[in-house]
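All ligand and atom numbering here is 1-based and tracks the order in the structure.
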Amino acid sequence: MSKKKSVFDFHEMKKNGEKVSWLTAYDYPTANFAEAAGLDMLLVGDSLGMCVYGYNSTVPVTMDQCIFHCEAVRRGAPNTFVIGDMPLGSYQTSDEEAVKNAIRFLKESDMDAIKLEGGVRISDRIKAIDAAGVVVVGHIGLTPQSSGQLGGHKAQGRTAEAAKLVVEDALAVQAAGAKMLLVEAVPPEVARYIWETLEIPVMSIGAGPYCDGQLLIVSDLIGQFQAFTPKFVKKYCNVAEIVTDAMREYVKEVKAVTFPDEDKYCYHMVDGEEAKFLDLMRK
Ligand code: KIV
């Protein structure tokens, strides 16, 4: 079993050019598989709202939901660096509220870091959480919690002016004390500029290969999430098909009484007990 990585290891990996593999997880079994597969980091994303609860967006997700899922993931991946995602409403209102909620991730679910969305506009919150001793991961570009302001789930930074704003966000996140940065749905030309400019590790989700590591949503990677598939997603298998086929087969076998096979899937009575039992029932 490999040793759990710390944020210093990710800074070292950046220096050495070793890429970081990062995936979301929301439950115990998935965290178990991810740790066995050798993922460097996990994110208990507020995308759990869409991937697990079936909401239309991440907006309804609460702190308590995040904490419960973080607890399950920690139990499933005790030796992996796990990041808790701060949901909408948990850090926007004040520094005090942001620090209080960030600390909940550490105290109640043993997270190694927290992630929050936003650049320049959220830099005071990053400073406050960092000052409280919590490792902060920034998230800029497409920020799903504020997708209403962005006109939907759209790529960001595609014009020169828009790209400059994304770079300003990246610089603000680093200056505020974040220890890593996630860049979402931004052209590779822009992500590359950020990667070459920043000292902290820069991760990509839909921002191309010029970064220190890649993040994907596990429900996309395994082909479980059905509602839509962003352009940047590569499906490595099709769990929806595999599971639906298995369930279809089960329905067929139950109807045909070919499951359960009496010899294979049943607990028979102890030898000689059946006759005694029938005798007993006759009395
Ligand atoms: O919640 C999440 O999984 C995320 C990713 C979309 C980056 O924040």
Side-chain angles (χ1 to χ4, degrees), residues 20-27 30-31 34 39-63 65-70 72-73 77 80-92 101-102 105 109 111-119 122 125-126 135-150 152-157 166 169-170 173 178 180-186 191 194 201-208 211-222 224-225 227-234:
V20 176
S21 56
W22 189 14
L23 197 59
T24 67
Y26 314 111
D27 57 36
T30 309
L39 265 298
D40 292 309
M41 304 200 295
L42 291 176
L43 169 70
V44 187
D46 64 352
S47 49
L48 65 87
M50 299 163 88
C51 298
V52 177
Y53 289 91
Y55 303 149
N56 284 331
S57 74
T58 59
V59 169
V61 175
T62 66
M63 265 304 292
Q65 283 173 314
C66 289
I67 295 288
F68 291 144
H69 287 273
C70 285
V73 168
T80 304
F81 190 92
V82 185
I83 300 159
D85 202 11
M86 298 193 72
L88 181 67
S90 68
Y91 60 95
Q92 284 84 357
N101 283 319
F105 279 98
S109 54
M111 292 293 97
D112 298 295
I114 61 89
K115 175 176 87 56
L116 44 69
E117 297 183 5
I122 218 72
R125 300 289 184 272
I126 296 176
V135 175
V136 179
V137 179
H139 177 176
I140 61 163
L142 169 55
T143 45
Q145 289 172 9
S146 47
S147 59
Q149 284 185 340
L150 304 175
H153 283 80
K154 285 186 180 159
Q156 300 296 302
V166 178
D169 276 340
V173 167
M180 285 189 266
L181 174 67
L182 173 66
V183 181
E184 177 167 356
V186 157
I194 293 169
V202 176
M203 308 297 166
S204 151
I205 178 164
C211 284
D212 297 302
Q214 296 293 329
L215 170 67
L216 275 182
I217 293 198
V218 68
S219 320
D220 288 332
L221 176 142
I222 64 173
Q224 188 181 46
F225 185 69
F228 61 88
T229 306
K231 181 181 166 70
F232 57 78
V233 166
K234 178 173 176 186

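For F232, the CZ atom is densely surrounded, since the number of other residues' heavy atoms within 6.0 Å is greater than 12.
Side chains of Y26 and T24: a donor on one and an acceptor on the other come within 3.5 Å. T58 and Q145 are not linked by any side-chain donor-acceptor pair at a separation below 3.5 angstrom, with hydrogens and angles left out of the test.
Between the side chain of D40 and the backbone N or O of S21, at least one donor-acceptor pair lies under 3.5 Å. Distance alone, capped at 3.5 Å, places no donor-acceptor pair between the E184 side chain and the L182 backbone. Not one N or O on the side chain of T30 forms a donor-acceptor pair closer than 3.5 Å with the backbone of D27.
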Identify the protein atoms, limited to N or O, that lie within less than 3.5 Å of an N or O atom of ligand 1, and list each pair with its distance to 0.1 Å.
| from | atom 1 | to | atom 2 | distance (Å) |
| --- | --- | --- | --- | --- |
| ligand 1 | 1 (O) | D46 | N | 3.0 |
| ligand 1 | 1 (O) | D46 | OD1 | 2.8 |
| ligand 1 | 1 (O) | S47 | N | 2.9 |
| ligand 1 | 1 (O) | S47 | OG | 3.3 |
| ligand 1 | 1 (O) | D85 | OD2 | 3.0 |
| ligand 1 | 3 (O) | S47 | OG | 2.5 |
| ligand 1 | 8 (O) | D85 | OD2 | 3.4 |
| ligand 1 | 8 (O) | K115 | NZ | 2.9 |

